[in-house]
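Structure record follows, encoded as structure tokens.
Each chain gets a letter, A, B and so on, in the order the sequences are listed, and its residues count up from 1.
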Amino acid sequence: MSVHLAKGTRDFLPADMLARRQVVDVVRDVFERFGFEPLDTPVFERIETLTGKYGEEGEKLIFKILRRGKGGETGACDQALRYDLTVPLARVLAMNAQLRMPFKRYQIAKVWRADRPQKGRFREFFQCDVDVAGTTSPLADAECLAVLYTALSELGFAEFTIRLNDRRILTDLAAAAGAEDSKSETSFLIALDKLDKVGRAGVDKELIGRGFEADAIEKAWKVLAPQENDDATLDYLASQLGERGQEGVSFLRQVRDAALALGVDSARLTVDPTLARGLDYYTGPVFEAVVQEPNVGSIAGGGRYDGLVGVFSKRDIPAVGVSLGLERIITVMKELGMLPEPAPVAEALVTVFAAEQTPASLKTASALRAAGVRTELYSGDGRFKNQFKHANARGYRWLVVVGPDEAEQGVVMLKDLASGTQEKLTATDAAAAIVSAR
RNA sequence: GUGGGUGUAGCUCAGCUGGUUAGAGCACCGGAUUGUGGUUCCGGGGGUCGGGGGUUCGAACCCCCUCAUCCACCCCA
């Protein structure tokens with residue numbers, strides 16, 4: 001029988017889990033240092049909670065759960081796996097009016113998308129989200145940039161860029177190019193988003209294909225004319241855009257200033273009016289983090305979504321957040337050799353010599369554990385010699401031998417596998433020796 | 001949804017223009033060392049060559065179908 005994983009899913013064997021946990025521990029620690037509190041939500045939601053939030057393309061990628069009974073045959077469904085962590089958060093905010101604002105929460109959890117897998121892309125993957133809800137202050141946006149910057153820095157990333165733009169700038173830009181409704185605006189953004197890949201000529205071609213006029217496209221390019229630095233870019237954009245765009249520019253300026261004051265390295269943050277993020281619900285700043293090598297797309301993305309909670313509730317709650325893509329971060333870290341060798345969970349192995357000594361081995365293991373030593377009791381049926389191999393293969397430093405002599409004398413033989421030295425001690429002294437050698 | 005690449009031992013791969021019993025390294029098991037790992041030496045187990053069909057005297061190799069996987073596009077973390 002041939003057995004396969006479901007497409008786009010993976011098992012995480014202990015070696016993978018230990019490495020992943022190191023990464024998650026860093027991220028969680030940074031999140032909590034910024035005052036974000038944990039939240040969890042169901043892995044599936046009522047389908048109407050999820051639909052209409054992600055745009056046409058995103059909608060197709062929602063994993064739907066078939067209804068039981070009659071629905072099974074008709075293909076009807078009333079629930080679906082969560083597509084991200086932002087929409088479930090909006091639902092939580094709408095349902096819990098007692099939450100004190102601003103509400104800062106983080107959530108590190110699996111999400112599902114019915115995408116076709118490729119490098120750094122899976123159907124089941126982890127996102128690490130932080131969001132600030134209940135405030136329109138640019139400080140909240142700046143906090144998101146700072147927490148993103150800090151997390152990536154502490155993970156060991158040196159060469160990354162956080163690109164920053166504003167939905168209002170994009171809207172005015174699309175309008176300059178002749179986009180009059182949200183549909184043609186989206187169409188414009190999709191074409192613009194390809195700038196990195198296909199260049200200006202490629203975008204021109206695509207825009208023409210999408211029905212934009214050549215002279216209108218020229219107007220948009222004029223607005224996008226590269227400037228010397230971010231300040232100049234913001235000044236220039238303000239001079240070129242309408243009222244809505246100017247609002248975006250001045251908000252962005254406040255966000256950027258605050259982020260820099262919060263310690264974000266200006267070399268890692270860049271205002272980029274060509275950054276187009278397609279998610280329907282963004283209303284203000286949008287941003288993403290990218291590394292140039294290896295190419296896995298963006299490793300984090302986020303933005304402000306002031307209208308999303310209002311979709312679920314009469315009470316409108318503004319919010320801004322960022323999502324780190326754990327799989328992509330790990331993919332990059334693996335390729336760049338940034339993941340340190342994970343330490344084994346246990347540090348000592350207690351041997352089981354023969355049936356007569358087994359009770360002494362069990363007592364020894366128990367004593368070591370009680371003293372705080374992470375201990376594996378050899379529970380295989382391999383020969384005595386293999387117990388040494390086992391300890392070595394697992395990467396344990398300590399081997400605790402309880403043979404006939406030791407059992408009789410009421411001691412254990414503590415062997416340091418790193419140095420090869422060994423000595424007879426009581427179980428209590430052995431535990432103390434292991435603890436003090438850490 | 002579209003387009004390419006790749007499927008040979010647990011893993012990474014070799015296998016010449018189709019030609020005897022399909023190989024290597026690592027891993028695993030055993031022995032040298034019947035209370036001692038990691039190093040060394042010797043030996044061993046393990047493969048429906050992804051699956052099905054076809055061409056041929058003969059197929060891991062050629063053709064068709066299928067499944068899986070990777071990469072690119074769309075979109076995205």
With [X], which residues qualify under salt bridge (Lys or Arg N to Asp or Glu O under 4.0 Å), at least two apart?
X: Arg82(A); answer: none
X: Arg168(A); answer: Asp166(A), Glu247(A)
X: Arg383(A); answer: none

With rounding to whole Å, what would you report as the distance between [N] and [M] at their [atom1] atoms?
N: A22(B); M: G47(B); atom1: P; value: 12 Å
N: A9(B); M: G23(B); atom1: C1'; value: 10 Å
N: C62(B); M: A14(B); atom1: P; value: 15 Å
N: G4(B); M: U66(B); atom1: P; value: 14 Å
N: C63(B); M: U69(B); atom1: C1'; value: 23 Å
N: G5(B); M: G44(B); atom1: P; value: 41 Å
N: G38(B); M: G19(B); atom1: C1'; value: 46 Å
N: G51(B); M: U56(B); atom1: P; value: 23 Å

- prompt: Any idea which of C75(B), G35(B), G30(B) is nearest the Met413(A) side chain?
  reply: G35(B)
Minimum-distance nucleotide (side-chain atoms of Glu406(A) versus G35(B), A77(B), G31(B)): G35(B)
Is any NZ, NE, NH1 or NH2 atom of the basic residue among [X] and [Y] found under 4.0 Å from an Asp or Glu carboxylate oxygen of the other?
X: Asp40(A); Y: Arg105(A); value: no
X: Glu327(A); Y: Lys119(A); value: no
X: Arg369(A); Y: Glu376(A); value: no
X: Arg397(A); Y: Glu347(A); value: no

Roughly, in whole Å, what's the span from [atom1] in [X] to [atom2] in [N]?
X: Leu324(A); N: C76(B); atom1: CG; atom2: P; answer: 18 Å
X: Gln127(A); N: A77(B); atom1: CD; atom2: P; answer: 7 Å
X: Asp193(A); N: C73(B); atom1: CG; atom2: P; answer: 12 Å
X: Lys385(A); N: C28(B); atom1: NZ; atom2: P; answer: 13 Å
X: Arg123(A); N: C75(B); atom1: CZ; atom2: C1'; answer: 14 Å
X: Leu326(A); N: A77(B); atom1: CG; atom2: P; answer: 14 Å
X: Leu85(A); N: A77(B); atom1: CG; atom2: C1'; answer: 10 Å
X: Phe157(A); N: A77(B); atom1: CZ; atom2: P; answer: 16 Å

query: Do the two ring centres, one from Phe36(A) and one from Tyr106(A), sit under 6.0 Å apart?
result: no
Of Gln422(A) and Arg328(A), the one whose closest RNA chain B nucleotide lies more 5': Gln422(A)
field: RNA chain B: 5'-proximal contact among Arg383(A) and Pro404(A) (nearest heavy atom)
entry: Arg383(A)
Considering every strand and a 4.0 Å limit on heavy-atom distances, what is the contact class for [X]: base, sugar-phosphate, or nothing?
X: Glu288(A); answer: nothing
X: Ala391(A); answer: nothing
X: Val401(A); answer: base
X: Leu5(A); answer: sugar-phosphate

task: Would you mind listing every ring pair (Phe, Tyr, Trp, His ring centres under 6.0 Å) that reaches into residues 409-438 of chain A, with sequence neighbours excluded?
output: none
- prompt: Do any side-chain nitrogens or oxygens of Lys194(A) fall under 4.0 Å of OP1 or OP2 in C74(B)?
  reply: yes
query: Under 4.0 Å: is that the gap between some side-chain N or O of Asn386(A) and OP1 or OP2 of C28(B)?
result: no
Assigned partner base of [N], Watson-Crick or wobble definition, under 3.5 Å:
N: C16(B); result: none
N: U21(B); result: none
N: U36(B); result: none
N: G1(B); result: C73(B)
N: A68(B); result: U6(B)

- prompt: For the base of U36(B), is there a side-chain donor-acceptor partner from Lys415(A) under 3.5 Å away?
  reply: yes
query: Would Phe384(A) count as stacked on G35(B) if the rule is ring centres under 5.5 Å and plane angle under 30°?
result: no
- prompt: Shortest non-hydrogen contact from Ala433(A) to Leu414(A)?
  reply: CB-CD2, 4.0 Å
query: Under 4.5 Å between any side-chain heavy atoms of Leu170(A) and Leu192(A), yes or no?
result: yes
Under 3.5 Å, which N/O atoms of the protein pair with N/O atoms of nucleotides 38-46 of chain B?
unit_1: G38(B); atom_1: O4'; unit_2: Asn392(A); atom_2: ND2; d: 2.9

Collect all protein-nucleotide pairs involving nucleotides 70-72 of chain B in which both atoms are nitrogen or oxygen and the distance is under 3.5 Å.
unit_1: C71(B); atom_1: OP2; unit_2: Gln118(A); atom_2: O; d: 3.4
unit_1: C71(B); atom_1: OP2; unit_2: Lys119(A); atom_2: N; d: 2.8
unit_1: A72(B); atom_1: OP2; unit_2: Gln118(A); atom_2: OE1; d: 3.0

query: Hey, which of Val24(A), Val23(A), Asp25(A) is the one that makes side-chain contact (heavy atoms from CB on, under 4.5 Å) with Arg21(A)?
result: Asp25(A)
